[in-house]
Amino acid sequence: MEKIRMATPLVEMDGDEMTRVLWKRIKEELLCPFVELNTEYYDLGLPHRDETRDQVTIDAAEANKKYGVSVKCATITPNAQRVEEYKLHEMYKSPNGTIRAILDGTVFRTPILIDSVRPAVRNWKKPITIARHAYGDIYKAAELRVPGPGRAELLFTGADGREVRQAIYDFECPGVLQGSFNKDTSIASFARSCFNFALAQKQDLWFSAKDTISKQYDHTFKDIFAEIYEAEYKVRFEQAGIEYFYTLIDDAVARVIRSEGGFIWACKNYDGDVMSDMVSTAFGSLAMMTSVLVSPNGCYEYEAAHGTVTRHYYKYLKGEETSTNPMATIFAWTGALAKRGELDGNAALVRFAHTLEAACLKTLDGGVMTKDLCGLCEGVTPTPVSSDGFLAAVRKNLEAMLQKTA
Ligand code: NAP
Ligand code: MG
């Protein structure tokens, strides 16, 4: 069979530890035999980030801007212990944070569903994607412990020196204070990323906040979403047969639980933090959660939602066989290849990506799975395999499926 060619390079960002090991194996076993991989390679592994003083992360993000699609391996976010372990020159920032700041994007997390792992919510039949606005609110708030009686006020001093003041509370005893903010530009980017992603997925978009209580703050989110939707997206949503609506966060929670899934739920920063953990846990496993960063002007960066699986990597270094689940990393590749194919009009590449996903699902439906899934599955007798054993089983199914469609 002739290998599939790619016209435009895919930006490839390599990473760390166990996922770096899997990254190489996935390419060798499932990609390179079938695709003439055309990637622009950036090594975001911690040693190379340190050698370049993190310039490689910036270069990779700029390349993503240039080409539009990238695939990223999980990377270590250094802390004090990592600085020591890798003898780093600095405690570099999270690569994901750096890339997100450059692309100004929103992260969408979607679970991979299989028949044998049933969601905790029995009526969920399709994945629910959470879009979290990863900027501002309590994550960048100023906080104060109020020592005792006194008056708290909001004070804004304009660039022209004009002051706006508003009373918060007259304290009669000690208490707490918090000042949080967001920016219209960031909210608008968030809204556009969500609308673009909904169109790309052909799925309904829900957005929830608490505008009945927060009449300025949350209401501004609601208004910016509504203005952008009306002006730029309404017609396209109608053409695509999908819907956008806003609802109160408490109503959204009730509707999500009663739904059968299959939509995108856009959340403010804190709501997204909490709800993404709830939804991903209810769907089964972090190892089955994919993630894509979408910029407001339509750049895509695909990755797994989990980290570098350090605990497994230390076992691997000791020569022990590991049973790390490569599903989310494989799906990062298939997501990126399918998007690259779609943008380039490369139908063969899109078809390959979807066939590889189907081969993975077929392998799992047959009960061949890594250990993390064995304890969760119902209705099949699982055959626990190593990471390599899983990749080999997927390859066998993939070859058979490609032969059938050839
Ligand atoms: P983690 O790598 O997600 O792993 C936490 C635990 O979850 C693992 O020990 C394992 O549990 C289970 N797990 C996660 N992915 C799995 C998979 N594919 N297959 C099987 N089990 C899986 O999180 P962490 O240990 O907190 O973080 C490790 C490093 O990753 C840190 O340096 C952190 O900075 C980095 N990180 C990177 C990203 C990213 O690049 N997007 C995201 C998060 C964390 P058991 O050990 O019980 O088997
Ligand atoms: Mg969280």
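Ligands are counted one by one from 1 in listed order, and the atoms in each one are counted from 1 as well. Just so we're clear, the structure is a prediction, and the values are computed from it rather than from any experiment.
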Heavy-atom contacts under 4.0 Å between [X] and ligand 1: side chain, backbone, both, or neither?
X: Asn96; answer: side chain
X: Lys72; answer: side chain
X: Glu303; answer: side chain

Exercise. Between Arg132 and Tyr139, is NZ or CZ placed under 6.0 angstrom from the six-membered ring centre and within 45° of the ring axis?
Worked result: yes
Looking at [X] and [Y], would you say the former's side chain and the latter's main chain have a donor-acceptor pair under 3.5 Å?
X: His48; Y: Asp43; result: yes
X: Asp50; Y: His89; result: yes
X: Asn123; Y: Ser259; result: yes
X: Ser276; Y: Gly272; result: yes

Do any non-hydrogen protein atoms sit less than 4.0 Å from [atom]?
atom: atom 5 (C) of ligand 1; answer: no
atom: atom 24 (P) of ligand 1; answer: no
atom: atom 12 (C) of ligand 1; answer: no
atom: atom 1 (P) of ligand 1; answer: yes

What protein heavy atom is closest to [atom], reported as residue, atom name and distance in Å?
atom: atom 17 (C) of ligand 1; answer: Ala287 CB, 3.5 Å
atom: atom 32 (O) of ligand 1; answer: Arg82 NH2, 3.0 Å
atom: atom 33 (C) of ligand 1; answer: Thr77 N, 4.1 Å
atom: atom 8 (C) of ligand 1; answer: Val309 CG1, 3.9 Å
atom: atom 37 (C) of ligand 1; answer: Thr75 O, 3.0 Å
atom: atom 7 (O) of ligand 1; answer: Leu286 CD2, 4.7 Å
atom: atom 29 (C) of ligand 1; answer: Thr308 OG1, 3.0 Å
atom: atom 27 (O) of ligand 1; answer: Thr310 OG1, 4.4 Å

Exercise. For the atom pair OG1 (Thr329) and NZ (Lys72), what is the distance rounded to the nearest 0.5 Å?
Worked result: 10.0 Å
For this session: Would you please determine whether His312 falls within less than 4.0 Å of ligand 1 on a heavy-atom basis?
Result: yes
Problem set entry | Lys371 to ligand 1, any heavy atom closer than 4.0 Å |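 Per 4.0 Å heavy-atom rule, Lys371 does not contact ligand 1.
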Seminar exercise, completed: Looking only at heavy atoms, the pair that brings Asp218 and Ser214 closest together is N-OG, 2.9 Å
Any carboxylate oxygen within less than 4.0 angstrom of a Lys/Arg side-chain nitrogen, looking at [X] and [Y]?
X: Arg192; Y: Asp104; answer: no
X: Asp14; Y: Lys24; answer: no
X: Arg82; Y: Asp16; answer: no
X: Lys234; Y: Glu238; answer: yes

Counting heavy atoms only, which of [options] comes nearest to [atom]?
atom: atom 18 (N) of ligand 1; options: Asp372, Asn325, Leu44; result: Asn325
atom: atom 38 (C) of ligand 1; options: Ser387, Gly307, Ser323, Pro78; result: Gly307
atom: atom 47 (O) of ligand 1; options: Arg311, Lys315, Met327; result: Arg311

Exercise. Looking at Thr324, which atoms of ligand 1 are within less than 4.0 Å of one of its heavy atoms?
Worked result: 17 (C), 18 (N), 19 (N)
For this session: Enumerate the atoms of ligand 1 whose separation from the nearest heavy atom of Ala74 is less than 4.0 angstrom.
Result: 40 (O)
Exercise. Got an N/O contact under 3.5 Å between His306 and ligand 1?
Worked result: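 Such a contact does occur with ligand 1.
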Exercise. Is the CD atom of Gln178 crowded by more than 12 outside heavy atoms at less than 6.0 Å?
Worked result: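 More than 12 heavy atoms, drawn from other residues, nucleotides or ligands, come within 6.0 Å of this atom.
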For this session: Please name all residues satisfying side-chain contact (heavy atoms from CB on, under 4.5 Å) with Asp388, sequence neighbours left out, ordered by chain then number.
Result: Arg25, Ser386, Leu391
Problem set entry | Proximity of Phe195 and Phe237 rings by center, below 6.0 Å | yes
